[in-house]
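Presented below is the structure to which this report refers.
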Amino acid sequence: MSGSSTGNNLENRIPSAPPNFIRHIIEEDTRTGKYDGRVITRFPPEPNGYLHIGHAKSICLNFGLSIDYHGDCHLRFDDTNPEKEEVEYVESIKADVRWLGFDWKDHRYFTSDYFDRLYDYAVRLIRMGKAYVDSLSAEDIRRYRGTLTEPGKDSPFRNRSVDENLALFQKMKEGGLDEGECVLRAKIDMAAPNMVMRDPALYRIRKAHHHRTGDKWCIYPMYDFAHCLSDSIEGITHSICTLEFENNRELYDWILDTLKVYHPRQIEFARLNLSYTVLSKRKLIELVTGGHVTGWDDPRMPTLSGLRRRGYTPESIRNFCDRIGVAKRDSMVDLGLLEYVIREDLNKKAHRVMAVLNPLRVVIENYPEDQAEMLTAVNNPEDPDMGARQLPFSRVLYIERDDFMENPPKKFFRLSPGREVRLRYAYFITCTEVIKNETGEVVELRCSYDPATRGGDAPDGRKVKATLHWVSAAHAIDAQVRLYETLFSVENPAAAEDFKAVLNAGSVQTLTGCKVEPSLADAPPGFSCQFERLGYFCVDIRDCVPGRPVFNRVVTLKDMWVKIKDQHQK
RNA sequence: UGAGGGUUGGUGCAGCGGCAGCACGACGGGUUCUGACCCCGUUAACCAAGGUUCGAAUCCUUGACCCUCAGCCA
């Protein structure tokens, strides 16, 4: 079991996460003393976008391992491509990792901090005759590479002398060559069965402004060259990345072995796929720039900023990551699991409140006209320490439209003509009359109440089949509530020809004129609560003005009645 | 037709030569001032075929199917 119930205290989480193949490897390495028992991992995002739930899996894995095995986890920004990267992203990434509850201590690095050393390593490779400057065009390089089944052929520039290569590489560095004129390549084997090993590019010319190094450099190292060496420089022991880098491991090893430097071990695991959403950076960017969502933090987005705004807690996401496990096979995690973990967390923590989303006016005819009284409501039945509050009750109330049916089917327990139900924490009421407008729509209910049931229990012991939530009309405050559904209407939108064609048109429904209990008037942004019988909601962190709360639905409560209803309709 | 990986209930993950387990889901029941939570129960899987072994999800062989790789992205 995970020990995450103790809130933010990560050190207390017991050897929490279930066993997985990476833990086996680390434990084996520790046993054999391979890295003197050290465990140093790293989370290496490229600062070119916002973090999403898939990154959370990697963060929880890398930081979690470092905590459980008493090591460190470095936060390293892999900023080797100046054209795509921005400081805005590094700030959001730091905020998201911190929000998730992890601490990189003083281990915050940038690959760009190593540019000088990486350049020196490249020069060493050239001197060893293991790298050369290729003046072939990008297109020719592709042609010379061969195909999956045919070997490539050597570039005519492959046998330039060390001195010529040194001079050319320096010229590249000094800006004497244009973008695309040449690249530095490793000299490995153009007939290698692994395409990655067919003389991969190590450096390219980019006359672009870098967000940290400015205009100091006009050549930038490629991922394959920079990453293994950065891991080596930092003394990483286990370099954990996703499956698509399996083919790159041979090159990772080749570079470190050829240079004879400290050699971490690369281990690959399967990235997260979540049903009813997309987790590729390219697609997420498209959703934002195409205006399909309101931004990176749209509550429907799988980004950490979106989930946070939606009302997900860091604990729930960490717990999710523990539960999905880590393996090498491609899989698709059911969205239902993410909903489960946030319900589980909020059930323990969230205040219960009463809110009526779709109000139906109810007049208690035998209740005095100008009277109001306060009734006691429990804040959280799961946690007595959360106390109780006072709720105003009066003659005119609102209940949920869905809680009344004039001609109820068999399994409908709620209010209907002549039936008695309980108003939570208040009284038993009986519906005595249904008032409709000209079009036949029910606009008001007249009811009677039993004063002896004050607080919600009948002294004579009689039972009711339903308990309804309600608010006092005179005391309730108006609120806007947004109901969210999945962003996509199909389980695997990434498999669609065009993922934008399977967007769910009803992914957000904005309700106005909702009536919430007065205690919510000054709920702070981000405040999470349970609207009893409806779901978990949180106060939006952007769109609120004081006294006029806007709520986002985090997730519904599990609902038996919808199932029964659906079965009836079939 | 090249190379590297992968395949266990509906879903995700364990099990690493000795009774196939956990979680989510689904289904049924109990409880209930939330048709929630909680509790109890049921359901349902080792890709296939050979081989080794007293014994195979696990080791070996062959095959099937799936994923990744032909960026001067990461």
Side-chain angles (χ1 to χ4, degrees), chain A residues 1 18-21 24 44-46 48 78 80-81 83-84 134 136-138 141-143 145-152 179-185 191-198 200-206 219-220 222-224 226-227 241-250 268 270 275 281-282 322-341 343-344 347-348 352 354 377-378 381-382 411-414 422-426 428 453 455-457 463-469 530-535 556-564:
Chain A
M1 261 323 264
N20 61 52
F21 76 100
H24 291 323
E46 180 186 14
N48 69 343
D78 210 356
T80 57
N81 185 354
E83 289 167 333
K84 289 189 179 176
D134 194 351
L136 240 31
S137 68
I141 286 182
R142 175 163 35 84
R143 263 198 287 273
R145 186 152 27 226
T147 68
L148 295 178
T149 52
E150 303 163 74
E179 277 188 25
E181 244 187 283
C182 58
V183 297
L184 181 74
R185 290 229 257 172
N194 180 357
M195 298 294 288
V196 171
M197 300 299 279
R198 320 250 259 229
L202 266 22
Y203 268 89
R204 77 290 212 184
I205 301 170
R206 281 289 174 278
I219 57 171
Y220 292 91
M222 299 288 292
Y223 164 85
D224 284 307
H227 204 92
C241 62
T242 47
L243 246 32
E244 64 269 28
F245 292 101
E246 275 177 327
N247 297 323
N248 299 58
R249 188 177 60 236
E250 192 179 352
E268 310 87 11
S275 59
K281 217 175 264 186
R282 197 210 93 219
D322 281 349
R323 284 169 184 263
I324 58 177
V326 178
K328 296 197 73 156
R329 71 185 88 130
D330 295 307
S331 61
M332 172 82 72
V333 174
D334 194 321
L335 215 218
L337 186 62
L338 190 59
E339 296 183 336
Y340 173 82
V341 295
R343 283 192 192 107
E344 179 187 50
N347 178 51
K348 290 179 308 206
R352 269 57 170 172
M354 299 223 262
V378 175
E382 306 285 323
K411 295 259 189 61
F412 185 85
F413 302 151
R414 283 109 98 143
R422 170 168 40 232
L423 293 181
R424 182 148 226 229
Y425 299 123
F428 284 13
T453 58
D457 283 305
K463 302 288 184 201
V464 287
K465 297 204 69 170
T467 299
L468 310 187
H469 60 279
Q530 184 197 94
F531 288 180
E532 292 221 35
R533 302 208 304 133
L534 297 175
T556 61
L557 250 30
K558 281 215 291 192
D559 190 346
M560 263 303 174
W561 170 239
V562 300
K563 276 185 196 169
I564 296 166

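Proteins come first, then strands; the chains are lettered A, B, ... in the order of their sequence lines, and each starts at number 1.
Look at the C1' atom in both U61(B) and A26(B): the space between them is 40 Å, to the nearest Å. Nucleotides U62(B) and C24(B), compared at atom C1', are 37 Å apart to the nearest Å. The same atom, C1', is picked in G9(B) and in U52(B); the two are 29 Å apart, to the nearest Å. Using atom P as the reference point in both A44(B) and A20(B), the two lie 15 Å apart (nearest Å). Comparing the same atom, P, in U7(B) and in G41(B) gives a spacing of 32 Å after rounding to whole Å. Separation of the C1' atoms belonging to G6(B) and A48(B) is 16 Å when rounded to the nearest angstrom. C69(B) and U11(B): their P atoms are spaced 25 Å apart (whole Å). One P atom belongs to C39(B), the other to U53(B), and the distance between them is 49 Å to the nearest Å.
Comparing A3(B), A70(B), C24(B) by their closest approach to the side chain of Thr147(A) singles out A70(B). Here the side chain of Ala327(A) is nearest to one of C67(B), A14(B), G4(B), namely A14(B). Picking from C72(B), A70(B), C73(B) the nucleotide with the shortest atom distance to the side chain of Lys84(A) gives C73(B). Comparing U68(B), C73(B), G4(B) against the side chain of Glu244(A) picks out U68(B) as the nearest. In the set A3(B), A74(B), C72(B), A74(B) carries the atom at the smallest distance from any side-chain atom of Thr80(A). The side chain of Asn247(A) has G4(B) as its nearest neighbour among A70(B), G15(B), G4(B).
Not one side-chain nitrogen or oxygen of Thr467(A) sits closer than 4.0 Å to the OP1 or OP2 atom of U32(B). Not one side-chain nitrogen or oxygen of Lys328(A) sits closer than 4.0 Å to the OP1 or OP2 atom of U7(B). Of the side-chain N and O atoms in Arg249(A), one or more sit less than 4.0 angstrom from OP1 or OP2 of G5(B). A close approach under 4.0 Å does not occur between any side-chain nitrogen or oxygen of Arg198(A) and OP1 or OP2 of C69(B). A sub-4.0 Å separation between OP1 or OP2 of A36(B) and a side-chain N or O of His469(A) is absent. Here Tyr223(A) does not reach the OP1 or OP2 of C73(B): none of its side-chain N or O atoms lies under 4.0 Å away. Here Ser137(A) does not reach the OP1 or OP2 of C72(B): none of its side-chain N or O atoms lies under 4.0 Å away. Distances shown here put a side-chain N or O of Lys558(A) below 4.0 Å from the OP1 or OP2 atom of G25(B). Between U32(B) and Lys465(A), no contact under 4.0 Å exists linking OP1 or OP2 to a side-chain N or O. Put simply, Arg533(A) has a side-chain N or O that comes within less than 4.0 Å of OP1 or OP2 on G35(B).
The residue Asp78(A) sits close only to the backbone: its heavy atoms come under 4.0 Å of sugar-phosphate atoms, none of a base. Residue contacts for Asp457(A): at a heavy-atom cut-off of 4.0 Å it reaches a base atom on one of the strands shown. The residue Pro381(A) sits close to a base: some heavy atom pair falls under 4.0 Å. At the heavy-atom level, Met197(A) lies nowhere under 4.0 Å from the strands shown. Across all strands shown, Val326(A) has heavy atoms under 4.0 Å from sugar-phosphate atoms exclusively, and none from any base. Within 4.0 Å (heavy atoms only), Ile564(A) reaches at least one base atom of the nucleic acid. Residue contacts for Glu46(A): at a heavy-atom cut-off of 4.0 Å it reaches the sugar-phosphate backbone alone, with no base atom in range. Residue Arg142(A) is in sugar-phosphate contact alone, with no base atom involved, counting any heavy-atom pair closer than 4.0 Å across all strands shown. In this structure, Phe245(A) reaches the bases: a heavy-atom distance under 4.0 Å links it to at least one base atom across the strands shown. Residue contacts for Tyr340(A): at a heavy-atom cut-off of 4.0 Å it reaches the sugar-phosphate backbone alone, with no base atom in range. Base contact: Ile141(A) has a heavy atom under 4.0 Å from a base atom. If you check every strand for non-hydrogen atoms under 4.0 Å, Leu136(A) touches a base. If you check every strand for non-hydrogen atoms under 4.0 Å, Arg352(A) touches a base. Using a 4.0 Å heavy-atom criterion, one finds that Tyr425(A) contacts the bases of the nucleic acid, with or without backbone contacts as well.
When side chains are defined from C-beta on, Asn81(A) does not count as touching Asn48(A), because their heavy atoms never get closer than 4.5 Å. Counting heavy atoms from C-beta on, the side chains of Val378(A) and Arg352(A) never come closer than 4.5 Å.
Here U31(B) presents its P atom at 13 Å from CZ of Phe413(A), a figure rounded to the nearest Å. One atom, CG of Leu148(A), and another, P of C67(B), lie 15 Å apart when rounded to the nearest Å. A straight line from CG of Asn81(A) to C1' of G71(B) spans 11 Å, rounded to a whole angstrom. If you measure from atom CZ of Arg329(A) to atom P of G12(B), you get 8 Å, rounded to the nearest angstrom. Put simply, CZ on Arg343(A) is 12 Å from C1' on C37(B), counting in whole angstrom units. Computed from coordinates, the Arg424(A) CZ to A36(B) P distance equals 13 Å when rounded to whole Å. Here U34(B) presents its C1' atom at 10 Å from CG of Asn347(A), a figure rounded to the nearest Å. Regarding Leu468(A), its CG atom lies at a distance of 15 Å from the P atom of A36(B), rounded to whole Å.
Counting all heavy atoms, side chain and backbone alike, Leu337(A) lies closest to Val333(A) at CD2-CG1, 4.2 Å. The shortest non-hydrogen separation linking Asp78(A) to Tyr223(A) is OD2-CD1, 3.7 Å.
Remark: Leu534(A) CG to Leu557(A) CG distance equals 8.0 Å, nearest 0.5 Å.
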**OP:** Apply the test side-chain contact (heavy atoms from CB on, under 4.5 Å) to residues Arg343(A) and Thr556(A): give CA-CA distance (whole Å), side-chain angles for both, the deciding distance (0.1 Å), then the verdict.
**Re:** CA-CA 8 Å; Arg343(A) 283 192 192 107; Thr556(A) 61; 3.6 Å; yes
Subject >> Criterion side-chain contact (heavy atoms from CB on, under 4.5 Å) on Lys463(A) and Lys465(A), from CA distance to verdict >> reply: CA-CA 7 Å; Lys463(A) 302 288 184 201; Lys465(A) 297 204 69 170; over 6 Å; no
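Toward the 5′ end of RNA chain B lies the nearest nucleotide of Gly456(A), the other residue of the pair Glu382(A) and Gly456(A) mapping further downstream. For Thr149(A) and Cys182(A), each mapped to the nucleotide of RNA chain B holding its nearest heavy atom, the one lying further toward the 5' end belongs to Thr149(A).
With hydrogens and angles ignored, the 3.5 Å screen pairs a side-chain donor or acceptor of Asn194(A) with a backbone N or O of Asn247(A).
Residue side chain Glu150(A) does not reach the base of U1(B) through any donor-acceptor N/O pair under 3.5 Å, judged by distance alone. Between the base of G71(B) and the side chain of Arg204(A) there is no donor-acceptor pair shorter than 3.5 Å.
Because its glycosidic torsion is within 90° of 0, G71(B) is reported here as syn.
Applying the Watson-Crick and G-U wobble criteria (two distances, each under 3.5 Å), U68(B) pairs with A3(B).
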